Amino acid sequence: MNLYWESFKTFFKIGIFTLGGGYAMIPLIEEEVVNKHKWVDKDEMLDLIAIAQSCPGVFAINIAIFIGYKLKKVRGAIATTLGTALPSFMIILAIAIFFKQFEDNKVVAAIFRGIRPAVVALIAVPTFRLAQRAKLNWYTFWIPIVAALAIWKYGFSPIYVIIIAAIAGYAYGRIVQENDSRKQKQVKES
């Protein structure tokens, strides 16, 4: 089957069956892209998630662009992006057309109240999976907790969190590299 069509259909399905935004899409994207189609492996998916999260714009669109580009360059990115965005566009268009009829409907309001906790779970599961794949340990588990608290509790900008994390990661890498060099030097001198 044509890879453009296959990637469009895959991301359309992801877009139409996912409530709760980009992070809630992660389990479905992972199932389709990593497990089913094997377009990327698990480590590459983790990197793509980090990059998509760091880039400006909608998370789901960013990840669709990266995967589509990997598959078939610019045309692949267009196919996956359209597949991801089209369901939301169609749903929002339908809601805009019919919203006035359902604005005060108690059944619709109750449905949305019921969906909210499920969306939290859809976001929590990929967060825990990302933490596992990021190989957090006793020395690093505090970093995402402090970052989340800084953003949530104190209104700290996520952009600053990313910049500080990148600088700290670079500095830590340099320290580890220098320590390794010293150890190797000591071994050679012994």
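Note that the structure is a prediction, hence the values are computed from the model and not measured. FYI, side chains are in, hydrogens and waters are out, and symmetry mates aren't considered; it's all heavy atoms of this structure.
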d(Glu32 CD, Glu6 CD) to nearest 0.5 Å is 8.5 Å

**Request:** Examine Leu28 and Ile115 and state if one hydrophobic cluster contains both, with Ile, Leu, Val, Met, Phe, Trp and Tyr joined whenever side-chain heavy atoms are less than 4.5 Å apart.
**Result:** yes

**Report entry** Side-chain heavy atoms of Tyr4 within contact of Ile78, under 4.5 Å
**Finding:** no

- Do Leu71 and Ile51 belong together in a cluster built from hydrophobic side chains that touch within less than 4.5 Å? yes

When rounded to the nearest 0.5 Å, the distance separating SG of Cys55 from CD1 of Ile61 is 13.0 Å

Report yes if some heavy atom in the side chain of Ile49 is under 4.5 Å from a heavy atom in the side chain of Ile26; otherwise report no.
yes

Taken to the nearest 0.5 Å, the spacing of Glu30 CD from Ile63 CD1 works out to 9.5 Å

Query raised in the report: Quick one: are Thr80 and Tyr69 in side-chain contact, heavy atoms under 4.5 Å?
Result: no

Check whether Phe156 and Leu149 end up in the same hydrophobic cluster, where Ile, Leu, Val, Met, Phe, Trp and Tyr are linked by side-chain heavy atoms less than 4.5 Å apart. no

Sub-4.5 Å side-chain heavy-atom contact between Met45 and Ile29 | yes

| request: Report the C-alpha separation of Phe12 and Thr84 in whole Å, then their side-chain angles, then the decisive distance to 0.1 Å, and conclude whether the side chain to side chain contact (heavy atoms under 4.5 Å, CB included) test is met. | output: CA-CA 5 Å; Phe12 188 89; Thr84 304; over 6 Å; no

Of all heavy-atom pairs linking Val161 and Ala147, the shortest is CG1-CB, 3.6 Å

When rounded to the nearest 0.5 Å, the distance separating NE2 of His37 from CD1 of Ile67 is 11.0 Å

Are the side chains of Glu189 and Lys185 in touch, meaning some heavy atoms are under 4.5 Å apart? yes

N/O donor to acceptor pairs below 3.5 angstrom from side-chain atoms of residues 85-99, sequence neighbours left out:
none

Apply side chain to side chain contact (heavy atoms under 4.5 Å, CB included) to Phe59 and Asn62, showing your working.
-> CA-CA 5 Å; Phe59 174 81; Asn62 288 346; 5.6 Å; no

dist Lys183:NZ -> Lys188:NZ (nearest 0.5 Å) comes out at 15.5 Å

Under-4.0 Å salt bridge between Lys36 and Glu31:
no

Practice item. Kindly work out whether a path of hydrophobic side-chain contacts (I/L/V/M/F/W/Y, heavy atoms less than 4.5 Å apart) joins Trp142 to Ile164. Key: no

For Ala77 and Ile65, the nearest pair of non-hydrogen atoms, with its separation, is CB-O, 3.6 Å

query: Phe141, Ile143: one ILVMFWY side-chain cluster at the under-4.5 Å cut-off?
result: no

Side chains of Lys38 and Val34: does their closest heavy-atom pair fall under 4.5 Å? no

Task: Check: Trp39 main-chain N/O paired with Lys70 side-chain donor or acceptor under 3.5 Å - done: yes

Looking only at heavy atoms, the pair that brings Ala60 and Met25 closest together is CB-SD, 3.2 Å

Tightest non-hydrogen contact, residues Gln53 and Ile162, listed as O-CD1, 4.4 Å

Separation between CG (Asn35) and NZ (Lys42), nearest 0.5 Å, reads 5.5 Å

